[in-house]
Undergrad: 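Please see the structure below; I have some questions.
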4 protein chains.
Amino acid sequence: MTTEEAGSRTREAAEAAILEDRQTGEATAPDEADGQGVAVLTGASRRKLESRRKLFVERGYHETRPQDISKAAGVGHGTFYLHFEDKLDCFLAFTEEAADELEIFVQTHHAVAGSLEEGIRELLTAIFEYSDKNPGVLAAALTDISVLSTGDTGKKMPVDRWADVWAQLMEHWKETGEAFAELDTRMAGYLIVGAIKQGGAYGFRRRLERADVIEGMARLFVRALKK
Amino acid sequence: MTTEEAGSRTREAAEAAILEDRQTGEATAPDEADGQGVAVLTGASRRKLESRRKLFVERGYHETRPQDISKAAGVGHGTFYLHFEDKLDCFLAFTEEAADELEIFVQTHHAVAGSLEEGIRELLTAIFEYSDKNPGVLAAALTDISVLSTGDTGKKMPVDRWADVWAQLMEHWKETGEAFAELDTRMAGYLIVGAIKQGGAYGFRRRLERADVIEGMARLFVRALKK
Amino acid sequence: MTTEEAGSRTREAAEAAILEDRQTGEATAPDEADGQGVAVLTGASRRKLESRRKLFVERGYHETRPQDISKAAGVGHGTFYLHFEDKLDCFLAFTEEAADELEIFVQTHHAVAGSLEEGIRELLTAIFEYSDKNPGVLAAALTDISVLSTGDTGKKMPVDRWADVWAQLMEHWKETGEAFAELDTRMAGYLIVGAIKQGGAYGFRRRLERADVIEGMARLFVRALKK
Amino acid sequence: MTTEEAGSRTREAAEAAILEDRQTGEATAPDEADGQGVAVLTGASRRKLESRRKLFVERGYHETRPQDISKAAGVGHGTFYLHFEDKLDCFLAFTEEAADELEIFVQTHHAVAGSLEEGIRELLTAIFEYSDKNPGVLAAALTDISVLSTGDTGKKMPVDRWADVWAQLMEHWKETGEAFAELDTRMAGYLIVGAIKQGGAYGFRRRLERADVIEGMARLFVRALKK
DNA sequence: CATGAATGAGAATTCATTCAT
DNA sequence: GATGAATGAATTCTCATTCAT
């Protein structure tokens, strides 16, 4: 998605667009919408419904009612179901939105990344910057699917997407000979995501300095991965 | 708990007791696994209520009703509330029970652990053995508290306990000079728990060989920690 | 409410409107009989929910479930909570409705009241006529608040409203010199309301002739109040 | 009941016995117990169960559970049902106990009463003294039966007993020619009880001076009844 | 497209009462 | 007699979703 666009933007611009609630993002988001009931709308109410983010982040999935989202968006209850199949669908939309934003961060940061060491540090910085501007969003978006519904929805969750991103990077570092050869990049992707999620939550709770958290993580990740 | 007893048992015996649903544990567990504010009830129904585990694991917190637990235990609805203050209290009891069990595994494995490398491998083995015998229990017990209730309950969750265990081990390895000096053991404890949780889920979903998962994790952890 | 309308109606007409379940009252009552915090809903279900009266009167507060009221009204359980905050709120709405109706009776009767003696007799007549047409309503509406909820709700209960009405009348009779000068009208208002409530219940149980009950009360009240 | 005893006691002694929680009352209370399941017991637990009074007064009927009464009495749940048929039976026992106590007050005060005027003032004084020593007891004991259960229990409630007492007194005053001849003493009994109940509640809420409340009531009652 | 009144299955919890010990 | 663990019908209230307008 929007990779060509992202390429033509400066890194700062791309991030700014995201952080300022995607006023320029309109051109991109609808693209991903398939012709089906979900996320079909382009107009005002779709943008309004993005108020879901605030609610899901602050209250969590189970404490947020479709009604709340509609109300916060200033639309009627019924309108909610013109945009989302159901509550879970709405949550996944939020989740994907967050993943999209993060992906841009990751990509733009990677563009300038040189060595494995610099790259990891850059990425973590990007992630925590994002987290700083969007407090709680990652934690909320990484909510375990099993908590949301019983049956496996088959949906690709943000965890998977993000793990992929890391896996690809590590694959790249394997090719450049910076990462050790036996590295199982898929597995390592999940391990890193898990570590970041838990470590991030810990740092948040303990109100640790962002720089310290990043440094602590980076050191361990670099040691773990470097040849 | 039962540390003196655990000492007198062989490691296998101790684990077996746990894994076989604690037939020998009765003398110890029911007395202290409670501490929940509700009257410390012993007797038939309390033990029966341990059926909660199966349900929380299979369906998750939100899909398990107090009624289900009572029914599975073969007792009346009201009996549930003689043993637990409310649903959350019941879940936390399950959670602590699992943490207790795991702690024994970790302790007994550590007892024989020699080097950092062996130690990590041992621990991971222990954890995955436990997970193998108690499928899903760890994942369920590590459920994020924020998903369970709105307000912070102030309870120490299994994640914290487990992170502590790892932190202490790493502290030990720092003293023996096996772990690198600048290691922030607290943070690293959380990172490892997060990684194991996510990696474990990944391995479970992909039906990976346990040995491979352990090996993959161990390699990374050792690299990350060793001097 | 509807004071100007009541003025233009004959006394009989105004009462009839009330007693015949307010078919003409629709224009006025639904708009203000609410004031309850929950959205001011008009429309079918609100009027239907007035079936609460029958239930509260026949079964009393504790024997009437929100569900019963909904069912009697032919609406769903959930609808109940669109109109009332909770069960108590619903009861208080009934209570206020009854007080409103009674107030009109009292006012219209007072309009024609001449002397203290005539006035008292008129009022009692009005009250018992109302009670006759709405059997049990006053008794139910005068239910002691302490029976309904633990904490003081701070709400002005019908007893207070009605005591006020009597107090004002007595104040008037003090001014005209018909009532004795030292009369504490506030206190006397409560005494009279209490007496009517208990005496009414007694008369109802004993199936006494309405005229006799009125006469018995009137005689005592007149003696007590007249200069 | 115990009229001969009451007669041989001084008024002060009789009241003291009541107010000091009836240490001497044991000889009397059991007398009234019939040979049936209810109130059969004489021993320790019966006296203990009298803690019901505090609970019914403070929390009201619906907020007081048999369990609470048992607990307050320091006996087991089951013991409750050895003494009372059910919760309502227990409440009525409390109610009768209060009525008994009040009756003694009323009788002893009446013994010294001379004129109608003095008599009324004496009685009111007695009642409010009792209420002062036993705050809330009368209000609780006068709880309307309809609030307690659906079907008429056929039990004679305290209201009735008390109304009777007043009726008898008024009958007496009719005979002495102090009360006006046409007085319907039965009805008037209820009117007075109702007035006292409501007026007492009002005075209590407004924290009026007891003397003022008594004076206010007495004046009205005397005016209403005197020839 | 948009609405919001209406819905009713379902959730958590309570409590009067029983009965085996 | 005394106990208190056990019960399950019953209660209040919620909330994801629908559908007539």
Side-chain angles (χ1 to χ4, degrees), chain A residues 40-46 48 62-71 73-90, chain B residues 39 41-46 48 62-71 73-88 90, chain C residues 39 41-46 48 62-68 70-71 73-88 90, chain D residues 40-41 43-46 48 62-71 73-90:
Chain A
V40 144
L41 306 169
T42 352
S45 67
R46 195 198 189 291
K48 281 187 201 156
H62 287 283
E63 301 288 327
T64 303
R65 303 164 342 191
Q67 199 178 135
D68 299 325
I69 296 172
S70 305
K71 190 174 193 178
V75 301
H77 302 39
T79 310
F80 181 93
Y81 291 91
L82 294 176
H83 297 268
F84 306 108
E85 245 164 28
D86 53 22
K87 187 182 165 182
L88 179 58
D89 180 46
C90 175
Chain B
L41 300 170
T42 344
S45 70
R46 199 201 186 291
K48 281 187 204 156
H62 287 283
E63 301 290 327
T64 303
R65 301 161 355 198
Q67 198 178 136
D68 299 326
I69 295 173
S70 305
K71 192 173 192 178
V75 301
H77 310 38
T79 310
F80 181 92
Y81 290 92
L82 293 177
H83 296 272
F84 306 108
E85 243 166 30
D86 51 22
K87 190 181 161 183
L88 178 58
C90 175
Chain C
L41 300 170
T42 343
S45 69
R46 203 202 183 290
K48 281 187 202 154
H62 287 284
E63 301 290 328
T64 303
R65 298 159 359 194
Q67 201 178 135
D68 299 326
S70 306
K71 193 173 190 177
V75 301
H77 310 39
T79 309
F80 180 92
Y81 291 93
L82 293 178
H83 297 271
F84 306 108
E85 242 164 31
D86 52 21
K87 189 182 160 181
L88 179 57
C90 176
Chain D
V40 146
L41 305 168
S45 67
R46 197 200 187 290
K48 281 186 200 156
H62 288 283
E63 302 288 327
T64 302
R65 305 166 338 197
Q67 200 177 134
D68 299 325
I69 295 172
S70 305
K71 192 174 193 179
V75 301
H77 302 42
T79 309
F80 181 92
Y81 290 91
L82 295 176
H83 298 268
F84 306 107
E85 244 165 29
D86 52 23
K87 188 183 163 183
L88 179 57
D89 180 46
C90 175

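The model shown is predicted, which means the values in this text are computed figures rather than measured ones. By convention in this document, chain letters (A, B, ...) are assigned in the order of the sequence lines, proteins followed by strands, and residues within each chain are numbered from 1.
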Undergrad: With DNA chain F as reference, determine whether Gly76(B) or Arg65(C) sits nearer its 5' end, using the nearest nucleotide of each.
TA: Gly76(B)
Undergrad: Please give, in whole Å, the distance from dT12(F) P to Glu63(D) CD?
TA: 12 Å
Undergrad: Looking at residues at least two apart in the chain, or sitting in another chain, which of them share a ring-ring contact (aromatic ring centres under 6.0 Å, His included) with His77(A)?
TA: none
Undergrad: Which atom names give the shortest non-hydrogen contact between His83(A) and Thr79(A), and what distance separates them?
TA: CD2-O, 3.0 Å
Undergrad: Could you go over nucleotides 17-21 of chain E and give all protein N or O partners under 3.5 Å, atom names and distances?
TA:
from, atom 1, to, atom 2, distance (Å)
dT17(E), OP2, Tyr81(D), OH, 3.1
dT17(E), OP2, Lys87(D), N, 3.2

Undergrad: Taking only residues two or more places apart in sequence or in another chain, which ones pass side chain to side chain contact (heavy atoms under 4.5 Å, CB included) with Ser70(B)?
TA: Val75(B), Phe80(B)
Undergrad: May I have the distance from Asp68(C) (atom CG) to dC13(F) (atom P), rounded to whole angstrom?
TA: 14 Å
Undergrad: I want to confirm an ordering. Mapping Thr64(A) and Val75(B) to their closest nucleotides on DNA chain F, which one lands closer to the 5' end?
TA: Val75(B)
Undergrad: Give a yes/no answer on whether the side chain of His83(B) brings an N or O atom under 4.0 Å of OP1 or OP2 in dA5(F).
TA: no
Undergrad: Would you call Asp68(A)-Arg65(A) a salt bridge at under 4.0 Å N-O?
TA: yes
Undergrad: Quick one: Leu82(B) CG to dG8(F) C1', roughly how many Å, whole number?
TA: 12 Å
Undergrad: For the residue pair Tyr81(C) and Pro66(C), what are the closest heavy atoms and their distance?
TA: OH-CG, 3.6 Å
Undergrad: Applying a 3.5 angstrom cut-off to the pairing atoms, does DNA chain E sit in any stems of at least three consecutive Watson-Crick or G-U pairs? List them by first number.
TA: E:2-21 with F:2-21
Undergrad: Whole angstrom is fine here: how far is it from NE2 in His62(C) over to P in dT14(E)?
TA: 17 Å
